[in-house]
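A short write-up of the structure that comes next.
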Amino acid sequence: MTRALYSLCGADEGRFFSPHCWKAVMALAHKGLDFEEIPTTYARIREIGGGVSSTLPVLDDNGRLISDSFAIALYLEEAYPERPSLFNGEGGKALSRMVEGYSQMIIHPAIMRIALLDIHAILDEGDKAYFRQSREVRLGKPLEVFAADSEAEKAAFGAKLGRSVTC
Ligand SMILES: N[C@@H](CCC(=O)N[C@@H](CS)C(=O)NCC(=O)O)C(=O)O
């Protein structure tokens, strides 16, 4: 039995930093399933399974390839029903989707501004050039300009999480 998780790494192959990959790691751990975590740079993502995915994580479960952290969790839930449940039913799946959406709308943009230059700094040279180019196109500005407010973002982060909205 071989189970492998392709997970994003920097120049230091032991340093996995992608939140999406960590979600898959935690889902596998919750299920109590053994796996090998394979350090993968941005440049190597498309080498997995002949190009099954443009993003990480990708799970290889005995030759079955699944990409996307949520799809991996759904797959594990279905493939290993005898293991501890990740969702405890349909309600848990819906709640998890809501948490995922909240995280991607509120937490990820803030973390991106806070950690952008740190992420760039830990990548290998090839990935550094790719990361800069692709993110600068996406952000519409140089990394350093986007990250200029990172200290202010960090200071506001706690309040952002705790903010209550009234109507
Ligand atoms: N919805 C996907 C998002 C995955 C994702 O965006 N992964 C990033 C790393 S954090 C990636 O692989 N990006 C590839 C790229 O930018 O070329 C999931 O939950 O797995």
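Numbering of residues begins at 1 and proceeds along the displayed sequence. Just follow the structure's listing: the first ligand is 1, and inside any ligand the first atom is 1. Since this is a predicted model, take the numbers as computed values, not measurements.
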- Item | Element-labelled atoms of ligand 1 that are located less than 4.0 Å from some non-hydrogen atom of P57 | 20 (O)

- Message: Just to be sure I read this right, does ligand 1 sit under 4.0 Å from the backbone of R135, its side chain, both, or neither, counting only heavy atoms?
- Response: side chain

- Could you tell me which atoms of ligand 1, counted from 1 in the order shown, lie closer than 4.0 angstrom to a heavy atom of L8? 9 (C)

- Under 4.0 Å, heavy atoms only, figure out whether ligand 1 is touched by the backbone of I72, its side chain, both or neither. neither

- Message: Ignoring hydrogens, what is the shortest heavy-atom contact between G63 and D60? Give both atom names and the distance.
- Response: N-OD1, 2.7 Å

- Task: May I ask you to decide whether E100 forms a salt bridge with K93, counting only side-chain N to carboxylate O separations under 4.0 Å?
- Result: no

- Query: Is there at least one pair of N or O atoms, one from S69 and one from ligand 1, spaced under 3.5 Å apart?
  - Reply: yes

- Query: Considering distance alone, does some N or O of I45 sit under 3.5 Å from an N or O of ligand 1?
  - Reply: no

- Task: With atom 7 (N) of ligand 1 as the reference point, say which of V58, L56, T40 has the nearest heavy atom.
- Result: L56

- Per-atom filter on ligand 1: closer than 4.0 angstrom to a heavy atom of Y130 are 15 (C), 16 (O), 17 (O)

- Going by the order shown, which atoms of ligand 1 are within less than 4.0 Å of some heavy atom of S18? 9 (C), 10 (S)

- With heavy atoms only and a cut-off of under 4.0 Å, state how S54 meets ligand 1: side chain, backbone, both or neither. backbone

- Query: Where is the tightest heavy-atom contact between T55 and S53, given as atom of each residue plus distance?
  - Reply: O-OG, 2.7 Å

- Item | Distance from atom 6 (O) of ligand 1 to nearest protein heavy atom, with residue and atom | H20 CD2, 3.9 Å

- Message: If you measure every N or O of Q104 against every N or O of ligand 1, does any of those distances drop under 3.5 Å?
- Response: no

